[in-house]
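Numbered from 1 within each chain, the chains take letters A, B, ... in sequence-line order. Side chains included, hydrogens not; waters and symmetry mates left out as well; all remaining heavy atoms used.
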Protein chains: 2
Amino acid sequence: MDINDLDTASFIPGLSVDNVIFGFHNNQLKVLLLACKDQKHWMLPGGYVLKTESVDAAAERVLFDRTGLHKVYLQQFSVFGDPKRSSAQLVKGLVKSMDLDETLNQWFLQRFITIGYYALVEFEKVKPIPDPLSLACDWFDIDQLPRLIFDHQAIIEGALIAMRQHLNFQPIGLNLLPSSFPLKSLQLIYETILGKKLDRPNFNRKILSLGILEKKEKQFTGAAHKAPFLYSFKKKEYYKLLKEGIGETF
Amino acid sequence: MDINDLDTASFIPGLSVDNVIFGFHNNQLKVLLLACKDQKHWMLPGGYVLKTESVDAAAERVLFDRTGLHKVYLQQFSVFGDPKRSSAQLVKGLVKSMDLDETLNQWFLQRFITIGYYALVEFEKVKPIPDPLSLACDWFDIDQLPRLIFDHQAIIEGALIAMRQHLNFQPIGLNLLPSSFPLKSLQLIYETILGKKLDRPNFNRKILSLGILEKKEKQFTGAAHKAPFLYSFKKKEYYKLLKEGIGETF
DNA sequence: TTACATTGTGTCAGTTTGACTCAATAAAGA
DNA sequence: TCTTTATTGAGTCAAACTGACACAATGTAA
């Protein structure tokens with residue numbers, strides 16, 4: 001698809017959605033990013049809101065377009081509305097690198113307010129698909145991000161903070177893992193999101209006490225140590241807990 | 001000020017902010033609402049975002065215009081972006097009741113996406129000021145709300161849910177109280193936000209253990225029972241705790 | 001003087017947490 | 001085959017926290 005086919009007239013002007021799409025692979029939390037055509041920056045997969053569409057639906061559409069996935073955990077977390085969030089100079093450079101017609105030029109030069117969503121997806125199920133504005137679509141380790149456009153770095157950080165807060169209410173990590181997984185993977189996810197090490201025995205005790213995990217067969221990885229048990233989660237109990245929440249302090 | 005002086009050209013079209021302003025009075029959590037000119041509905045104090053202004057600044061401006069207050073706890077919590085959130089029929093009725101010129105007519109008839117904020121203010125310090133779109137500005141008990149326009153009922157409910165989640169991370173209630181207050185008031189706020197009764201001795205033990213409260217003189221209310229001690233909060237320790245959060249489960 | 005509502009303080013069993021052991025075990029190396 | 005190594009599963013234990021109480025103290029009204 002050519003960029004110039006983008007029908008800007010059908011979108012709400014000045015408004016966008018940006019998705020921070022998290023995956024987990026090689027014991028690392030990763031984010032899906034797109035390469036800008038200026039070959040200098042990367043950006044979050046984002047898009048615009050159709051005039052007849054809900055904002056949530058727009059975020060789902062963008063997610064589907066980049067990953068081929070439907071019905072994953074997708075959560076709106078913050079609006080980024082600083083008038084200076086996109087540097088005019090940078091936008092001009094980007095626009096130039098894309099060879100656009102005049103209408104599109106105007107479209108990209110306007111001020112955008114963006115709505116941040118984060119998504120939790122199963123890494124192996126994603127087939128990254130670049131969009132018409134980008135050269136590539138790839139995963140990056142959360143602690144080794146490339147140079148990002150505009151305030152996209154801050155958006156990712158905001159997503160992490162939001163996740164950290166949701167973690168105490170909802171058993172989040174499971175959305176990132178395949179249907180069966182060792183507890184260590186889940187622990188690593190929690191450690192990454194919380195930004196601190198957790199005690200293994202204590203973590204296992206707590207997670208298992210939630211009653212949403214089911215023990216499966218052992219996993220022989222070929223590594224020189226005891227093989228861990230795999231677990232899968234009981235969907236019914238999981239969704240019940242998602243609704244109710246866990247860490248009620250008062 | 002006349003409505004027809006509203007300079008719509010200086011605002012971002014299709015975007016608004018709505019503030020759920022909470023206060024605490026007579027042992028009740030209250031919300032500040034405006035009376036629509038159709039004399040049938042009430043609405044949240046809201047406004048539009050100037051083309052040169054950040055979204056947060058717009059919310060602060062609206063808050064100041066309705067309450068005369070600056071620098072209070074103001075927290076963005078959700079975007080309401082359903083294309084059908086404002087019924088076309090209702091809008092037409094409202095527009096008719098306001099006697100607008102053609103430009104303004106068009107302005108109000110467009111689809112709006114609104115960004116929800118909630119604010120915590122000290123009831124006694126507020127001087128409610130109606131805006132040019134409304135007939136009155138008044139407080140309502142959170143559990144005795146009048147008929148609200150559009151999805152404003154859902155926005156208020158969303159604010160309550162957001163607060164409930166923040167409560168575990170931040171000692172929120174204090175923003176609603178005067179500089180010194182009895183612990184019972186704070187407990188009532190927590191009970192309202194959480195929607196459940198709390199055990200008084202246990203609540204006091206927990207709140208005091210946070211180390212952000214300072215015991216002051218007794219309060220003689222004239223009621224036929226023991227006079228409670230008043231407490232004020234230690235700002236320094238309070239802000240430290242606000243940053244760090246309290247209820248870390250993992 | 002008594003009654004009453006509400007407060008300050010305290011108890012206590014049960015649960016959860018944080019910081020630890022330690023034996024079991026899958027594979028690699030000697 | 002025996003030993004080594006990394007990691008897992010299971011368990012211990014003191015300290016902290018929680019939920020559910022009890023009870024005396026105290027301003028005012030009857």
Side-chain angles (χ1 to χ4, degrees), chain A residues 26-28 164 167-169 171 173 177 180-191 194-233 241 244-250, chain B residues 26-28 164 167-169 171 173 177 180-192 194-232 241 244-250:
Chain A
N26 281 342
N27 287 344
Q28 281 276 358
R164 196 172 301 160
L167 211 48
N168 283 284
F169 287 89
L177 293 166
S180 65
F181 54 86
L183 289 187
K184 193 62 195 290
S185 297
L186 192 56
Q187 186 187 338
L188 285 166
I189 290 173
Y190 271 72
E191 288 181 344
L194 294 173
K196 67 180 179 192
K197 291 280 170 199
L198 299 173
D199 180 83
R200 183 178 50 84
N202 292 342
F203 175 81
N204 292 4
R205 179 177 58 190
K206 177 126 191 200
I207 281 290
L208 291 174
S209 77
L210 297 179
I212 55 173
L213 292 180
E214 191 175 12
K215 193 189 264 192
K216 312 271 278 196
E217 76 282 7
K218 278 193 180 183
Q219 181 193 41
F220 292 85
T221 57
H225 55 73
K226 199 169 174 178
F229 282 101
L230 295 181
Y231 289 81
S232 65
F233 65 97
L241 202 57
E244 292 178 359
I246 27 181
E248 305 284 337
T249 310
F250 276 98
Chain B
N26 281 343
N27 287 345
Q28 281 275 358
R164 197 171 299 160
L167 211 48
N168 282 284
F169 287 87
L177 293 166
S180 65
F181 52 88
L183 288 186
K184 194 64 196 290
S185 297
L186 193 55
Q187 185 186 342
L188 285 166
I189 291 173
Y190 271 72
E191 289 182 343
T192 309
L194 293 173
K196 66 180 179 193
K197 292 280 172 201
L198 299 173
D199 180 81
R200 182 178 53 82
N202 294 341
F203 176 81
N204 291 5
R205 180 176 56 189
K206 177 129 191 195
I207 280 290
L208 291 175
S209 77
L210 296 180
I212 55 173
L213 291 181
E214 191 175 13
K215 194 187 262 192
K216 313 270 280 195
E217 75 281 10
K218 280 193 177 184
Q219 181 193 41
F220 293 86
T221 58
H225 53 72
K226 198 171 174 177
F229 282 99
L230 294 182
Y231 288 81
S232 65
L241 202 59
E244 291 176 2
I246 26 182
E248 305 283 336
T249 311
F250 276 97

Q219(B) CD to F229(B) CZ distance, which is reported to the nearest 0.5 Å: 12.0 Å

R200(B) side-chain proximity, nearest of dT9(C), dA19(C), dT17(C): dT9(C)

Check: E191(B) side chain, L198(B) main-chain N or O, donor-acceptor pair, under 3.5 Å: yes

Pair of N/O donor and acceptor under 3.5 Å linking dT6(C) base with K226(B) side chain: no

Closest listed nucleotide, where the reference is the side chain of N204(B) and the choices are dA6(D), dA27(C), dG8(C): dG8(C)

Length of the line joining K206(A):NZ and dA19(C):C1', which is rounded to integer Å: 16 Å

Closest nucleotide among dA27(C), dC21(D), dT8(D) to the P201(B) side chain: dC21(D)

Interatomic distance, Y231(B) atom OH to L208(B) atom CG [nearest 0.5 angstrom]: 5.0 Å

Between dT25(C) (C1') and Q219(A) (CD): distance, integer Å: 15 Å

Approximate separation, where rounding is to 0.5 Å, of K218(A) NZ and K226(A) NZ: 6.5 Å

Nucleotide dC21(D), atom P - distance to CG of D199(B) in whole Å: 9 Å

Base dG19(D) paired with N202(B) side chain (donor-acceptor, <3.5 Å): yes

Rounded distance (Å) that lies between atom C1' of dA10(D) and atom NZ of K215(A): 10 Å

Closest to side chain of A224(A), choosing from dA26(C), dT17(C), dT9(C): dA26(C)

Protein-nucleotide distance (K184(B), atom NZ; dT7(C), atom P), rounded to Å: 5 Å

Whole-Å gap separating C1' (dG9(D)) and CD (Q187(A)): 13 Å

R205(B) or L183(B), whichever maps to the more 5' nucleotide of DNA chain C: L183(B)

Rounded interatomic separation in angstrom, taking CG from L208(A) and P from dG11(D): 13 Å

Position toward the 5' end of DNA chain D (nearest nucleotide), F229(A) or A227(B): F229(A)

d(CZ, F220(B); P, dA29(D)) in whole Å: 14 Å

With sequence neighbours excluded, residues passing ring-ring contact (aromatic ring centres under 6.0 Å, His included) with F181(B): none

